[in-house]
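Since the model is a prediction, treat every value here as computed from it, not as a measurement.
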Amino acid sequence: MVDLDEAARATLRANDRGDYTVPNGRVYPFQWNWDSAFVALGFDTWARDRAWAEIETLFRAQWADGFVPHIVFWQDDPGYFPGPSVWATGRDPVTSGITQPPVAASVVRTLWVRAESAGEGDSFRPRLEALLPRLLAWHRWFARNRDPEQRGIVVALHPWETGRDNSPEWDAPGEAIDVSQVGEYTRRDTSHLDAKMRPTKLEYDRYLALVQFGRARGWDHAEIAAANPFRVADVGMSMILLRANRDLLALAEMLGREAEADELRALVAIAEAGIGWLWDEERRTWCSRDLLTGRHSGFVTSASFLSFYAGLRDAQKDAAMLAHFARIAAKVRFTVPSLDPDDPGFQMIRYWRGPVWAVVNYMIGTGLAEAGHAGEAGRVRSDTRAMMDQTGFFEAYSPIDGLGSGGDDFSWTAAIWLAWARSAT
């Protein structure tokens, strides 16, 4: 345990660039949005000031309309693709033109609770007060730009926005993307990692075609949302935003911001009334849904279990999800695989088509524990701990044998060890 603690801190130190952290210096040499949020949880276990700085640095790249990008290119790295010139957002600092799952508010609430518990609330309250309007502006941006029918969901316009880059949930919706004008390019990921772990050429062509679509529209998010060939209500982002709005509401109430609290209560109420649109009654699971066709994906993924993290409580739906959990847990050594192992497309080491991700396990385990499902929550946490103990801090892990998938020495995995997985309770 002590050795892993030090290894985790060493990983974060090695990937620290002063006031932000890269996920992995060889593969991902910039600041990524939701990576930084989770990384802050790890820093907070021994360097509280540095934890808050990680979030503050991310929000220095926030656009005037509240949008927070998925990559901030604080320093150039000519070997990375697609880099700043491909995105061409025209921003200072240079950023990508898409976003990522909004976990930041939930992380900030955790940071605040821990600071208060340590008797340091007075020191960090001004920083919380400065972050709250920025967080709320981002949540407002989602409501304006990514929830066209006011269901309290998040419509993703690029698979990379979901954080689950090449989940099979994006295969059918992705067929409408025209890749004929993508042109030649050289990927960086497959030069560092086994191609068997990474998205295929067709999937990557689709990703780049969507980047070109957004760039051609000057990254006008309203215009892109109205015409984008890929528009999918993502179950993961939707559940994460609902949880984030609840956590931001708690912070607004604590700070006495009544107008903001009322606004957040309304956003939570909209989601509680409308998020059921993502329930697939035939497959008895929460899943993503194509906005253009109305079709459910039908896939049981690790994101399906984020309903507990979102604070949704429905006896029948919860029972169905717990039954899925039990069935899946009986088939793998380590929970929770990113794709149902009974699915014919399950691949134990290919990106988001089978591997286990520690950050998703953290959210699933937290949600299950809060909902009173202690046995399932304990299994998720102990499996996460065992994979790290066996293999180290990889980007992801095979649910069959626990071997690493993706990059090694990965920041958010090390952070989750320090903040959550290492503890038995």
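Judged by distance alone, with hydrogens and angles left aside, the side-chain atoms of S238 form no donor-acceptor pair with the main-chain N or O of I153 at under 3.5 Å. Side-chain N or O atoms of N33 include one that pairs as donor or acceptor with a backbone N or O of P69 at under 3.5 Å. Using modelled atom types, no side-chain atom of D290 and backbone atom of G294 make a donor-acceptor pair closer than 3.5 Å. The backbone N or O of G402 lies less than 3.5 Å from a partner atom in the side chain of T391, making a donor-acceptor pair. Between the side chain of S423 and the backbone N or O of W420, no donor-acceptor pair lies under 3.5 Å. At distances below 3.5 Å, not a single donor-acceptor pair connects side-chain atoms of S304 with backbone N or O atoms of V300. In terms of modelled atom types and a separation under 3.5 Å, the side chain of S398 and the main chain of I400 share a donor-acceptor contact. Checked by atom type and distance alone, the side chain of E169 pairs as donor or acceptor with a backbone atom of S288 at under 3.5 Å. The backbone N or O of V154 sits nowhere less than 3.5 Å from a side-chain atom of D234 that would complete a donor-acceptor pair. Between the R134 side chain and the F59 main chain, a donor and an acceptor come within less than 3.5 Å of each other.
For D171 and R353, the salt-bridge test passes: some basic side-chain N is under 4.0 Å from an acidic carboxylate O. A salt bridge is defined here as a Lys NZ or Arg NE, NH1 or NH2 lying under 4.0 Å from an Asp or Glu carboxylate O, and D383 with R379 meets this definition. The existence of a salt bridge linking R140 and D65 is excluded, since no basic side-chain nitrogen approaches an acidic carboxylate oxygen closer than 4.0 Å. A salt bridge links D340 to R327: one of the charged nitrogens lies within less than 4.0 Å of a carboxylate oxygen. Salt bridge R265/E272: absent, no basic N to carboxylate O contact under 4.0 Å. Comment: R313 does not engage E370 in a salt bridge, judged by the lack of any side-chain N to carboxylate O separation of less than 4.0 angstrom. A salt bridge links R9 to E6: one of the charged nitrogens lies within less than 4.0 Å of a carboxylate oxygen. The pair R284-D280 fails the salt-bridge criterion, with no side-chain N (NZ, NE, NH1 or NH2) lying under 4.0 Å from an Asp/Glu carboxylate O.
When side chains are defined from C-beta on, L4 counts as touching F393, because their heavy atoms get closer than 4.5 Å. Between T95 and W87 the shortest side-chain heavy-atom distance does not fall below 4.5 Å. Using a 4.5 Å heavy-atom cutoff, the side chains of P337 and I328 are in contact. You'll find the side chain of F305 stays beyond 4.5 Å of the side chain of M363, heavy atoms only. Within the 4.5 Å cutoff, no side-chain heavy atoms of L241 are placed close to those of W138. Proximity of W286 to K317: side-chain heavy atoms (C-beta onward) are separated by under 4.5 Å at one or more points.
Summarising the geometry of A227 relative to F213, their closest heavy-atom pair is O-CZ, 3.5 Å, with the distance given to 0.1 Å. The nearest pair of heavy atoms linking A310 to R246 is O-NE, 2.7 Å. Of all non-hydrogen atoms in V27 and P29, the two that sit nearest each other are O-CD, 3.5 Å. Minimum heavy-atom separation, I270 to G152: CG2-N, 3.6 Å. Closest approach of L368 to A377, counting heavy atoms only: CB-CB, 3.8 Å. The two atoms that bring F73 and P84 nearest to each other are CG-CG, 3.6 Å, heavy atoms only.
The aromatic rings of H221 and W141 sit perpendicular, their planes meeting at an angle over 60°, well past the 30° parallel limit. Ring geometry for W412 against F410 counts as tilted: the plane angle lies between 30° and 60°, on a 0 to 90° scale. In this structure, Y80 and F30 have perpendicular ring planes: the angle between them is above 60°, well past the 30° mark.
Legend: residues meeting side chain to side chain donor-acceptor pair (under 3.5 Å) with T384, ordered by chain and number and at least two apart, are N361. Taking the salt bridge (charged side-chain N to carboxylate O under 4.0 Å, His left out) definition, one finds that E175 meets it with nothing, sequence neighbours left out. Partners of E282 according to the salt bridge (charged side-chain N to carboxylate O under 4.0 Å, His left out) rule, which considers only residues two or more places apart in sequence or in another chain, do not exist here. Taking R60 as the reference, D19 meet the side chain to side chain donor-acceptor pair (under 3.5 Å) condition, with sequence neighbours excluded. A search for side chain to side chain donor-acceptor pair (under 3.5 Å) contacts involving R146 returns E161, not counting sequence neighbours.
Considering OG1 of T21 and CD of E54, their distance stands at 3.5 Å, rounded to 0.5 Å. If you take CG on L267 and CG on L248, they are separated by 9.5 Å, rounding to the nearest 0.5 Å. E263 CD to L136 CG: the interatomic distance, rounded to the nearest 0.5 Å, is 4.5 Å. Rounding to the nearest 0.5 Å gives a distance of 6.5 Å between CG of L418 and CG of L12.
Side chains of T99 and H70: a donor-acceptor N/O pair is absent below 3.5 angstrom, by distance only. Checking Y28 against E395 by side-chain atom types alone, a donor-acceptor pair falls below 3.5 Å. Of the N and O atoms on the side chains of D205 and Y185, at least one donor lies less than 3.5 Å from an acceptor on the other residue. Between the side chains of S411 and N15, at least one donor N or O lies within less than 3.5 Å of an accepting N or O. Counted by atom type alone, W417 and D5 present one or more donor-acceptor pairs between their side chains at under 3.5 Å. For the residue pair W352/T301, the side-chain donor-acceptor check at 3.5 Å is not satisfied.
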Q) Please walk me through it: do W32 and V22 pass side chain to side chain contact (heavy atoms under 4.5 Å, CB included)? A) CA-CA 7 Å; W32 260 260; V22 300; over 6 Å; no

Q: For side chain to side chain donor-acceptor pair (under 3.5 Å), just list the numbers for W279 and E281, CA-CA rounded to whole Å, side-chain angles, deciding distance to a tenth of an Å, and then say yes or no.
A: CA-CA 6 Å; W279 177 257; E281 186 61 31; 2.8 Å; yes

Q.
Quick one, T200 with Y351, criterion side chain to side chain contact (heavy atoms under 4.5 Å, CB included). Give me CA distance, side-chain angles, the key distance, then yes/no.
A. CA-CA 10 Å; T200 65; Y351 212 51; over 6 Å; no

Q: List the steps, then state whether side chain to side chain contact (heavy atoms under 4.5 Å, CB included) holds for Q390 with F334.
A: CA-CA 12 Å; Q390 171 188 302; F334 301 100; 3.9 Å; yes

Q: For side chain to side chain contact (heavy atoms under 4.5 Å, CB included), just list the numbers for L128 and W52, CA-CA rounded to whole Å, side-chain angles, deciding distance to a tenth of an Å, and then say yes or no.
A: CA-CA 9 Å; L128 173 61; W52 285 77; 4.0 Å; yes

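Relative to the ring axis of F43, R50 places its NZ or CZ within 45° and under 6.0 Å from the centre. Remark: R17 fails to qualify as a cation-pi partner of W74 under the 6.0 Å distance and 45° angle criteria applied to the six-membered ring.
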Under 3.5 Å, which donor-acceptor pairs link side chains of residues 101-112 to any protein atom two or more places apart or in another chain?
residue: S106; atom: OG; partner: D247; partner atom: OD2; Å: 2.6
residue: R109; atom: NH1; partner: D247; partner atom: OD1; Å: 2.8
residue: T110; atom: OG1; partner: S106; partner atom: O; Å: 3.2

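Proximity of the aromatic rings of H158 and F230 is defined here by a centroid distance below 6.0 angstrom, and this criterion is not met. Annotation: Y207 is in aromatic contact with W160 [ring centroid separation under 6.0 Å].
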